[in-house]
S.K.: 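The following block contains the structure, expressed as structure tokens.
Because the structure is predicted, anything quoted here is derived from the model rather than measured.
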Amino acid sequence: MAASMKRLLRVCGKPRLFAHVLRKQLAASQRAYSVKYVPDIPPPELGETNRSNLVQSLNNAMDIAMSKDPTSVLFGEDVAFGGVFRCSVNLRDNYGPDRVFNTPLSEQGIVAFGIGLATAGSTAIAEIQFADYIFPAFDQIANEAAKFRYRTGNLFDCGKLTIRTPCGAVGHGALYHSQSPEAFFAHLPGLKVVVPRGPQQAKGLLLSCIRDDNPCIFMEPKILYRGAVEEVPVKDYEIPLSKAEVVVEGSDITLVGWGTQLHVLREVAQLAQEELDVSCELIDLRTILPWDEDTIINSVCKTGKLLIAHEAPLTMGFAAEIAATVQNECFLNLEAPVQRICGYDTPFPHVYEAFYLPDKWRCLEAVKKLVNY
């Protein structure tokens, strides 16, 4: 990448050549970052399955939750007609306008209403149309939802509040439709923050969030909405929160990610095995807060090396918390410094998105650095 950028600089004085080289470089980088989705195999004990994408599995989870809990209510911008991504399609027809309805374009108002609804005893499922626009609601989330139980001495709580929101890069979202703000909310005791990697996981994790007794933020990687397709159990099931999953067992390096980045790291693990004869243990964190320290620590104690990757900026990203904990708990087991491959400390770019994202090639270079340390 460095050599390519130097070449670009050399041709800056030749506009046509510069444009031609930039187009080729961007096209090559875009191809390099394409997410290769590997479907999960459903556990046999969950029975009958249905081929679903992420949108359909989320819709199914909310349908199940609303059919079994008459107090549950779904609301947000445009959810009544199915939402901009169609995650709530047909739910208004099934449960009526009193339980599935649109709200004004006010994220602060959406979350505030949800807090009140949950405090009054209902199950509130709020949708923020894009995670990039959740920040107007930050005060309500940080100073009301996260602290409600604590400040009332457990007399009242808004634990039946779940906030769904699409997050992450999508290929053309630019700075206002591509952000991954999970680390902002990881600093708020009282919340649970969850990011699924695909349809099967999303259904079980969303049902767990909706039924959990703590307010949850459920972040949905929107590039996977229709790009991730797999067999999803038809029945009602839950996946435990705050429990990471070892997706691929390995012995040489621990790779940790969540959401879309988990699939990038899966490719990295395969490349490392084929090109470097390095065995990588791949872990999906799934829950950002409270996160599963034990699974990560046990893995790093075994491998001695750790790479963490996420789309959010490097500085103060959640990888920093994981790295600090591992350094404290696994110091004598570490054989190399912890590597963090993340987005850069810039606003999320548009035409330069392919350069910004932590693609498999950047991650593979970090694996080589760990191996050769």
S.K.: For the residue pair Asp98 and Val73, what are the closest heavy atoms and their distance?
M.R.: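 For Asp98 and Val73, the tightest heavy-atom pair comes out as O-CG1, 4.3 Å.
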
S.K.: Testing the basics here: between Cys87 and Arg164, what is the closest heavy-atom pair and its distance to 0.1 Å?
M.R.: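 Closest approach of Cys87 to Arg164, heavy atoms only: CB-NH2, 3.4 Å.
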
S.K.: Just by modelled atom types, is the Phe156 backbone N or O under 3.5 Å from a matching donor or acceptor in the Thr152 side chain?
M.R.: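 Side chain of Thr152 to backbone of Phe156: a pair is present.
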
S.K.: Stepwise, does the ring-ring contact (aromatic ring centres under 6.0 Å, His included) test hold for Tyr344 with Phe355?
M.R.: CA-CA 9 Å; Tyr344 295 110; Phe355 297 113; 9.5 Å; no

S.K.: Is the side chain of Thr49 donor-acceptor paired with the backbone N or O of Pro233 at a distance under 3.5 Å, no angle test?
M.R.: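 Checked: no pair found.
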
S.K.: Salt bridge or not between Glu230 and Arg51? Use side-chain N to carboxylate O under 4.0 Å.
M.R.: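 Salt bridge flag = no for Arg51 with Glu230.
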
S.K.: Check Asn214 against Gly190 and note the closest heavy-atom contact, atom names and distance.
M.R.: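 Result for this residue pair: CB-O, 4.3 Å.
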
S.K.: Does a side chain donor of either Asn154 or Arg149 reach within less than 3.5 Å of an acceptor in the other side chain?
M.R.: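 A pair is found: one side chain offers a donor N or O, the other an acceptor, under 3.5 Å apart.
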
S.K.: Within a reach of under 6.0 Å around CD1 of Ile41, are more than 12 heavy atoms found that belong to other residues, nucleotides or ligands?
M.R.: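 No, because the 6.0 Å sphere around CD1 of Ile41 holds 12 heavy atoms or fewer from other groups.
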
S.K.: Do Asp40 and Gln200 meet the criterion of a side-chain donor-acceptor pair at a distance under 3.5 Å?
M.R.: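 Not at all, the side chains of Asp40 and Gln200 share no donor-acceptor pair under 3.5 Å.
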
S.K.: What I want to check is whether the side chains of Glu293 and Thr325 have a donor and an acceptor closer together than 3.5 Å.
M.R.: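 Judged by distance alone, the side chains do not pair up.
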
S.K.: Under a single-linkage definition using a 4.5 Å side-chain heavy-atom cutoff for Ile, Leu, Val, Met, Phe, Trp and Tyr, are Leu289 and Ile163 assigned to the same hydrophobic cluster?
M.R.: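 They do share one cluster, since a chain of ILVMFWY contacts under 4.5 Å joins Leu289 to Ile163.
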
S.K.: Sub-3.5 Å donor-acceptor pair from the side chain of Ser299 to the main-chain atoms of Thr295, do we have one?
M.R.: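 Checked: no pair found.
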
S.K.: Taking OH in Tyr373 as the centre, count heavy atoms belonging to other residues, nucleotides or ligands within less than 6.0 Å. Is the count above 12?
M.R.: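 Count not over threshold, so no.
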
S.K.: Group every Ile, Leu, Val, Met, Phe, Trp and Tyr by side-chain heavy-atom contacts under 4.5 Å, then state whether Val247 and Leu271 land in the same group.
M.R.: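 Linked within one cluster.
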
S.K.: Taking the ring of Phe348 and the ring of Tyr356, is the distance between their centroids below 6.0 Å?
M.R.: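 Yes: the rings meet the under 6.0 Å criterion.
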
S.K.: Under 3.5 Å, is there a donor-acceptor pair between the side chain of Thr162 and the main chain of Cys209?
M.R.: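 Present.
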
S.K.: Counting only heavy atoms not in Glu249 (residues, nucleotides, ligands), do more than 12 fall under 6.0 Å from its CD?
M.R.: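 Not buried by this count: 12 neighbours or fewer within 6.0 Å.
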
S.K.: Would you call Glu353 and Leu357 a side-chain contact if the rule is heavy atoms closer than 4.5 Å?
M.R.: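 A side-chain contact exists here, since the closest heavy-atom pair is under 4.5 Å.
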
S.K.: Less than 4.5 Å apart, side chain to side chain, heavy atoms only: is that true for Cys363 and Glu267?
M.R.: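 No, side chains not in contact.
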
S.K.: Please determine if Arg362 and Glu365 form a salt bridge, counting it only when a charged side-chain N lies under 4.0 Å from a carboxylate O.
M.R.: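 No salt bridge links Arg362 with Glu365.
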
S.K.: If you define the side chain from C-beta out and look only at heavy atoms, does anything of Met62 sit under 4.5 Å from Leu91?
M.R.: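 A side-chain contact exists here, since the closest heavy-atom pair is under 4.5 Å.
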
S.K.: Closer than 3.5 angstrom, by distance alone: can the side chain of Asn50 be matched with the main-chain N or O of Val234 as a donor-acceptor pair?
M.R.: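 Looks like no, no N/O pair under 3.5 Å.
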
S.K.: Can you confirm whether Asp277 is buried at CG, in the sense that more than 12 heavy atoms of other residues, nucleotides or ligands lie under 6.0 Å from that atom?
M.R.: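 Counting neighbours around CG of Asp277, 12 or fewer heavy atoms of other residues, nucleotides or ligands fall under 6.0 Å, so no.
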
S.K.: Sub-3.5 Å donor-acceptor pair from the side chain of Asp292 to the main-chain atoms of Ala244, do we have one?
M.R.: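 Answer holds: yes.
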
S.K.: Taking C-beta and beyond as the side chain, do Ser242 and Pro290 meet within less than 4.5 Å on heavy atoms?
M.R.: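 Ser242 vs Pro290: side chains touch.
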
S.K.: Hey, does Ile110 have a side-chain heavy atom less than 4.5 Å from the side chain of Ile128?
M.R.: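 Yes, close enough: below the 4.5 Å cut-off.
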
S.K.: Quick one: do Arg211 and Asp236 make a salt bridge, cutoff under 4.0 Å?
M.R.: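 Yes, charged N to carboxylate O under 4.0 Å.
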
S.K.: Under 4.5 Å between any side-chain heavy atoms of Asn94 and Met66, yes or no?
M.R.: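 Side chain of Asn94 against side chain of Met66, heavy atoms only: no contact under 4.5 Å found.
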
S.K.: Take atom CD of Glu45 as the centre, draw a 6.0 Å sphere, and report whether it contains more than 12 heavy atoms from other residues, nucleotides or ligands.
M.R.: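 Yes - once you tally the heavy atoms of other residues, nucleotides and ligands closer than 6.0 Å, there are more than 12.
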
S.K.: Strictly distance-based, threshold 3.5 Å: is any side-chain N or O of Asp69 a donor or acceptor partner for the main-chain N or O of Ala65?
M.R.: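 No, because the side chain of Asp69 does not come within donor-acceptor range (under 3.5 Å) of the backbone of Ala65.
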
S.K.: Quick one, Phe113 with Phe75, criterion ring-ring contact (aromatic ring centres under 6.0 Å, His included). Give me CA distance, side-chain angles, the key distance, then yes/no.
M.R.: CA-CA 10 Å; Phe113 178 77; Phe75 52 94; 5.1 Å; yes

S.K.: So, do Val371 and Asp252 sit near enough that their side-chain heavy atoms are less than 4.5 Å apart?
M.R.: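 No; the side chains remain at least 4.5 Å from each other.
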
S.K.: Do Glu220 and Tyr225 meet the criterion of a side-chain donor-acceptor pair at a distance under 3.5 Å?
M.R.: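 Yes, side-chain donor-acceptor contact under 3.5 Å.
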
S.K.: Taking the side chain from Asn53 and the backbone from Gly227, do they hold a donor-acceptor pair closer than 3.5 Å?
M.R.: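 Not confirmed, Asn53 side chain does not pair with Gly227 backbone.
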
S.K.: Classify the side-chain pair Thr254/Thr303 by whether it contains a donor and acceptor separated by less than 3.5 Å.
M.R.: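 Looking only at side-chain atoms, Thr303 and Thr254 do form a donor-acceptor pair, the distance falling under 3.5 Å.
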
S.K.: Is the shortest heavy-atom distance from the side chain of Val268 to the side chain of Leu282 under 4.5 Å?
M.R.: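 Not touching, per the 4.5 Å side-chain cut-off.
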
S.K.: With no hydrogens and no angle check, is any side-chain donor or acceptor of Arg99 less than 3.5 Å from a backbone partner on Ser72?
M.R.: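 Pair found, side chain donor or acceptor close to backbone of Ser72.
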
S.K.: Does the separation of the ring centres of Tyr176 and His350 fall below 6.0 angstrom?
M.R.: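 Here the rings of His350 and Tyr176 have centres that are no less than 6.0 Å from each other.
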
S.K.: Check whether the ring centres of Phe184 and Phe135 lie less than 6.0 Å apart, and answer yes or no.
M.R.: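 Yes, the ring centres sit under 6.0 Å apart.
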
S.K.: Using salt bridge (charged side-chain N to carboxylate O under 4.0 Å, His left out), reason through Glu281 and Lys302 one step at a time and then give a plain yes or no.
M.R.: CA-CA 10 Å; Glu281 182 147 289; Lys302 176 177 68 174; 2.6 Å; yes

S.K.: Cut-off 3.5 Å, side chains only: do Thr315 and Asp345 have a donor facing an acceptor?
M.R.: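 Asp345 and Thr315 do have a side-chain donor-acceptor pair below 3.5 Å.
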
S.K.: Where do Leu58 and Ala202 come nearest, in terms of heavy atoms and distance?
M.R.: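 Smallest interatomic distance, heavy atoms only, reads CD2-CB, 3.9 Å.
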
S.K.: Hey, what's the ring geometry for Tyr37 with His263, parallel, tilted or perpendicular (30° and 60° as the breaks)?
M.R.: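 Because their plane-to-plane angle lies in the 30° to 60° range, the rings of Tyr37 and His263 count as tilted.
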
S.K.: With distance as the sole test, does Gln261 use its side chain to make a donor-acceptor pair with the main-chain N or O of Pro358 at under 3.5 Å?
M.R.: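 Present.
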
S.K.: Taking the six-membered ring of Phe148, is NZ or CZ of Arg151 closer than 6.0 Å to its centre and within 45° of its axis?
M.R.: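 Yes, Arg151 and Phe148 form such a contact.
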
S.K.: Strictly under 6.0 Å, is that where the ring centroids of Phe85 and Phe130 end up?
M.R.: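 That pair passes the under 6.0 Å test.
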
